[in-house]
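Written below as structure tokens is the structure these notes are about.
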Amino acid sequence: MSSRRDFITLLGGAAVAWPLAARAQQAAILVVGFLGAGAREPLREQIAAFQEGLKESGYIEGHNVAVEYRFAEGQFDRFPVLAAELVRRQVAVLFVASDGGALAAKQATRTIPIVFTDRGLSIRERA
């Protein structure tokens with residue numbers, strides 16, 4: 001009887017652990033950091049272009065990529081704090097749309113790749 005009880009306990013434990021293991025094997029969502037110089041609303045066209053570029057590359061926000069947005073709102077002295085927040089968030093890549101933001105990002109990390117564009121242009125417009 002004891003071996004039957006042990007077998008059922010083992011089987012029940014495996015049944016509970018299996019969905020957890022399956023979830024752990026799913027790909028993690030990529031997290032991208034976006035650091036803007038202005039406020040969000042005036043940058044909506046640039047953000048839409050950024051999101052479209054992600055989509056064209058197969059990354060859909062909320063599906064297989066999450067974007068952490070930070071905006072300096074014209075207060076450029078906030079760049080180091082905002083860049084540090086994104087680094088602590090362990091983003092996979094930093095997208096920066098200003099000179100000052102790029103310098104702050106460079107000072108905040110030596111390991112996270114930084115994608116930089118100036119004047120808020122999308123990558124496609126610069127190519």
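What you see is a predicted model, and the numbers here were worked out from it, not measured in a lab.
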For residues [X] and [Y], determine if any side-chain heavy atom of one lies less than 4.5 Å from a side-chain heavy atom of the other.
X      : Y      : result
Asn64  : Leu30  : no
Ile114 : Val93  : no
Ser98  : Phe116 : no
Leu54  : Val67  : yes

Six-ring centre of Tyr69, Arg40 cation under 6.0 angstrom, axis tolerance 45°: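 Arg40 over Tyr69 ring: yes.
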
Measure across [X] and [Y] and return the closest heavy-atom pair with its distance rounded to 0.1 Å.
X      : Y      : value
Ile29  : His63  : CD1-O, 3.9 Å
Gly36  : Leu43  : CA-CD1, 4.4 Å
Phe79  : Ala104 : CB-CB, 3.5 Å
Leu94  : Ala105 : CD1-CB, 3.9 Å
Ala108 : Ala84  : CB-N, 4.3 Å

Answer yes if [X] and [Y] sit in the same cluster of Ile, Leu, Val, Met, Phe, Trp and Tyr residues linked by side chain heavy atoms under 4.5 Å apart, and no otherwise.
X      : Y      : answer
Val115 : Val32  : yes
Phe71  : Val81  : no
Phe76  : Leu103 : no

N/O donor-acceptor pair under 3.5 Å between Thr109 side chain and Thr111 backbone: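 Flag set: sc Thr109 to bb Thr111 pair under 3.5 Å.
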
Neighbour count above 12 (heavy atom, 6.0 Å) for Gln90 CD: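 Open: at most 12 neighbouring heavy atoms sit under 6.0 Å from CD of Gln90.
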
Sidechain N-carboxylate O distance under 4.0 Å for Arg88, Glu85: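 Salt bridge: no.
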
Gap separating the NZ atom of Lys106 from the CD1 atom of Ile112, nearest 0.5 angstrom: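 With rounding to 0.5 Å, NZ (Lys106) is 15.5 Å from CD1 (Ile112).
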
Separation between CD of Gln51 and OH of Tyr59, rounded to the nearest 0.5 Å: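 Reported to 0.5 Å precision, the distance equals 16.0 Å.
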
